[in-house]
Amino acid sequence: MRNFMRRSVFFLPTLKENPAEAQIVSHRLMLRAGMIRQHAAGIYNWLPLGLRVLRKVERIVREEQDAAGAQEILMPTVQSAELWRESGRYEDYGKEMLRITDRHERDMLYGPTHEEVVTDIFRQNIKTYRDLPKMLYQIHWKFRDEVRPRFGVMRGREFLMKDNYSFDLDFAGARRSYNRMFVAYLRTFARLGLKAIPMRADAGPIGGDLSHEFIILAETGESGVFCHKGLLEMTVPSNVDYEGDLQLLVDEWTSLYAATDEKHDPGSAEVTEIADELVSARGIEIGHIFYFGTKYSKAMNAVVTGPGGEPVTVEMGSYGIGVSRLVGGIIEASHDDAGIIWPESVAPFKVGLINLKVGDATTDRMSEALYITLRKAGVEVLYDDRDERAGAKFADMDLIGLPWQLIVGPKGVARGVVELKNRATGQREEISVDAALSRLGA
RNA sequence: CGGGGUGUAGCUCAGCCUGGUAGAGCGCUAGCUUUGGGAGCUAGAAGCCGGAGGUUCGAAUCCUCUCGCCCCGACCA
C-alpha cells in the first residue's frame with residue numbers, strides 16, 4: 001500500500017507565521033498550508049497539496065466542458081508571431097505579451113491567449129458547414145506579463161486557464177454555443193462550491209449582449225459589483241439537456257440586474273427601481289464568456305462552404321475560466337481564522353486522520369487500522385502519524401482545511417470511540433469506529 | 001508605467017540614525033521531561049546583512065548605481 005498519504009512522508013511544508021510577501025488571505029493561506037511557493041513575481045511552484053486541489057478543479061471544469069459538447073485539444077504555449085501578425089494583434093497586444101526570439105531570430109511569443117492558433121487549426125481542417133458547430137477547448141498555462149502581479153495565484157503572470165472557442169455558421173448558432181457555455185459555467189461553479197453570478201460585461205466594439213463575466217463575491221475582490229439580491233438565492237439545475245433550448249434558463253439568470261462597477265449606472269431607472277434589493281459588494285472574476293463574431297475568422301480567413309455552396313465566414317466566441325485563480329478564489333470564499341475550509345468537491349483529501357498519541361500501542365493500532373480501511377475503501381485520507389503534540393496537529397489540520405478530521409486519542413479508544421470533526425461547522429462528535437467509517441463512506 | 005516601501009538564519013523581525021566585523025523568537029538537529037489546541041529545559045547547526053562600486057584604518061550601518069520583492073494607482077482570466 002502506498003504510504004505517501006502519511007503526514008510523515010507527504011511533502012507538506014506548513015508555516016506557523018504569515019510570510020511578509022502575502023497580503024490577502026488566500027495567498028497567505030496557500031503559502032502557510034504548503035500549497036504553493038513563489039518562484040518569481042506572479043509565478044508559482046505548486047506543491048503536492050496545492051496541485052491536488054488544482055487537479056480537482058481542473059477535472060470538474062473538464063467534465064462540464066465535455067458534458068456541454070466541447071472537445072479537448074492542447075495547443076502550444078510558445079507560438080509563432082506570424083499568426084498574430086495576420087490577426088493584427090502582434091502590434092496591438094503591447095507589453096503584456098512576452099516576446100521571445102529563437103536561435104534563428106524568428107519572432108515567437110509565450111501565448112497569452114489562443115484565438116489565433118485555434119482559428120488556424122479550424123481553417124486548416126474544417127471546410128464545410130456540415131462540420132459545424134464545433135467547440136474546442138484546452139486547459140493550459142498562459143503567460144501575461146502583467147505590470148503588477150499580486151494576490152498570489154489570483155493575479156499571477158503565469159496561470160492555468162480553460163479556454164474554449166466556438167465556431168458556428170451564423171449568429172443563431174453562435175448564440176446557442178454561447179448559451180451552452182453560460183449554463184456549463186453555472187454548473188461548473190456550483191460544483192466547485194461557489195456562488196457565481198453572471199454579470200453583463202463590456203462587449204467592446206462588437207456590441208450586443210453576448211458577454212458575461214462570472215463573479216464570486218468576496219471582500220477582497222478586485223472590482224466593485226452590484227446585483228439584485230435575488231441572484232444570490234438562485235439555484236442551478238442539476239440536469240441539463242445541452243441539445244435542448246437553453247435560452248429560457250439563460251434568460252432567467254440574466255433577467256435580474258447584475259453589473260460590475262464599470263458597467264454599473266447608479267442613476268439608471270433600472271437601478272433606482274430595485275434600490276431596496278440592490279446588493280453592493282466586491283467580486284472576483286473567475287470566468288468570462290464572449291461572443292466576438294467574425295473578428296478573427298475574417299482576418300484569418302476561416303471560411304466554410306455553406307449549404308448553398310457559398311463561402312461563409314464563421315462566427316466565433318471564446319470562453320475562459322481561470323483555473324489557477326479559482327483555487328485562490330475558493331479560499332477567499334471559504335476560510336476562517338484557523339485556515340482554509342475546502343468544499344468537499346475540491347478538497348485535497350476528504351479526511352484528515354489524527355493519531356493523537358503516536359507511540360501508544362492502542363492508538364497506533366486503531367489509527368493504522370482506520371487509515372488502511374479508509375484507503376481500501378477509496379476514501380482520500382491524509383494520516384497525521386507524526387510524533388507531534390496534539391495542538392500542533394489540530395492547528396495544522398485546521399489550516400489545510402480538509403472537510404473531516406478523524407481524531408484518535410487514547411481516552412476515546414479505551415471506550416471504543418473516535419472523534420469526528422466537521423471543519424466547516426466546527427462540530428465534533430464522539431462516535432463508534434464503525435459509525436465513523438460509514439459516515440466517511442468506508 | 002507613475003508614487004511609496006522593503007531586502008539581515010528556513011519563517012517573522014531587531015541591529016542601521018550615532019561605522020568597530022551579527023542577534024532574538026519560531027522552525028531545524030540531539031538528549032531528558034512532557035503529551036486533547038502550535039510544550040519546558042539543556043546542548044547544537046545554521047547568515048559573502050540582495051549585488052556591484054565608492055568613502056574609511058575599519059561598512060549590515062554612510063554615499064552611488066543596480067537587481068529582487070511588496071503596497072497604492074492606471075490595465076487584466
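Lettering follows sequence order; numbering is per chain, from 1.
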For A:Phe167, ring pair (Phe, Tyr, Trp, His ring centres under 6.0 Å) partners two or more places apart = A:Phe122
query = Whole-Å distance between B:C11 P and A:Glu17 CD?
reply = 11 Å
inquiry  = Any strand counts, and the cut-off is 3.5 Å on both contacts for Watson-Crick or G-U wobble. Which nucleotide pairs with B:C57?
reply    = B:G20
ask   = Checking ring pair (Phe, Tyr, Trp, His ring centres under 6.0 Å) against A:Phe182, which of A:Trp253, A:Phe290, A:Tyr242, A:Phe214 comes through?
value = A:Phe214
ask   = Taking atom types as modelled and ignoring hydrogens, do the side chains of A:His228 and A:Ser255 form a donor-acceptor contact shorter than 3.5 angstrom?
value = no
message = If the condition is side-chain contact (heavy atoms from CB on, under 4.5 Å), which residues does A:Ala22 pass it with, not counting sequence neighbours?
response = A:His27, A:Arg28, A:Leu31
task = Quick one: list whatever passes ring pair (Phe, Tyr, Trp, His ring centres under 6.0 Å) with A:His264, sequence neighbours left out.
result = A:Phe226, A:Tyr257
query = Please, which pairs that meet salt bridge (Lys or Arg N to Asp or Glu O under 4.0 Å) have at least one residue in residues 65-84 of chain A, sequence neighbours excluded?
reply = A:Arg62-A:Glu72
ask   = Whole Å only: how far is the CD1 atom of A:Ile36 from the C1' atom of B:C11?
value = 16 Å
Sugar-phosphate only, base, or nothing, as touched by A:Lys95 at under 4.0 Å among non-hydrogen atoms = sugar-phosphate
Contact list for RNA chain B against residues 178-187 of chain A - heavy-atom distance below 4.0 Å = none
Complementary nucleotide of B:G27, counting Watson-Crick and G-U pairs under 3.5 Å = none
B:A74 and B:G27, which share atom name P, separated by this distance in whole Å = 42 Å
remark   = The ring pair (Phe, Tyr, Trp, His ring centres under 6.0 Å) partners of A:Phe10 (sequence neighbours excluded) come to A:Phe349
task = Using the C1' atoms only, state how far B:U8 lies from B:C69, rounded to an integer number of Å.
result = 15 Å
request  = Considering only atom P, compute the distance from B:C11 to B:C70 and round it to an integer number of Å.
outcome  = 14 Å
ask   = Which value, in whole Å, describes the distance between the P atoms of nucleotides B:U6 and B:C13?
value = 12 Å
task = Can you tell me which residue pairs pass the salt bridge (Lys or Arg N to Asp or Glu O under 4.0 Å) test with a partner in residues 426-439 of chain A, sequence neighbours excluded?
result = A:Arg415-A:Glu430, A:Glu419-A:Arg428, A:Glu429-A:Arg439
B:C76 to B:A39 separation - P atoms, rounded to the nearest Å = 48 Å
message = For RNA chain B, which residues of residues 85-93 of chain A approach it to below 4.0 angstrom with any heavy atom?
response = none
task = May I ask you to check whether A:Tyr291 and A:Glu315 show a side-chain donor-acceptor distance below 3.5 Å?
result = yes
query = When rounded to the nearest Å, what value does the distance between C1' atoms of B:A45 and B:G51 take?
reply = 27 Å
request  = Could you please name the partner base of B:C69, counting Watson-Crick and G-U wobble pairs only when both distances are under 3.5 Å?
outcome  = B:G5
Where at least one partner belongs to residues 380-423 of chain A, residue pairs that pass ring-ring contact (aromatic ring centres under 6.0 Å, His included), sequence neighbours excluded = A:Tyr371-A:Tyr383
query = In the structure shown, which nucleotide is the Watson-Crick or G-U wobble counterpart of B:C49, with both distances under 3.5 Å?
reply = none
query = Can any side-chain N or O of A:His114 pair as donor or acceptor with the backbone N or O of A:Asp163 at less than 3.5 Å?
reply = no
Any-strand Watson-Crick or G-U partner of B:C76, both distances under 3.5 Å = none
key: A:Asp364 and A:Asn355: side chain donor to acceptor below 3.5 Å   = yes
message = Which nucleotide, if any, forms a Watson-Crick or G-U wobble pair with B:G36, using both distances under 3.5 Å?
response = none
message = Treating primed atoms plus P, OP1 and OP2 as sugar-phosphate and everything else as base, which nucleotides of nucleotides 69-77 of chain B get B, S or - for protein heavy atoms under 4.0 Å?
response = SSBBBBBBB
remark   = Given protein heavy atoms under 4.0 Å, the one-letter contact record of nucleotides 34-45 of chain B, with B base, S sugar-phosphate only and - none, is simply B-BBBB------
query = A:Ser87 pairs by side chain to side chain donor-acceptor pair (under 3.5 Å) with which of A:Glu116, A:Lys298, A:Glu115?
reply = A:Glu116
message = Give me each pair satisfying salt bridge (Lys or Arg N to Asp or Glu O under 4.0 Å) with a member in residues 323-333 of chain A, each pair once, sequence neighbours excluded.
response = A:Glu222-A:Arg325
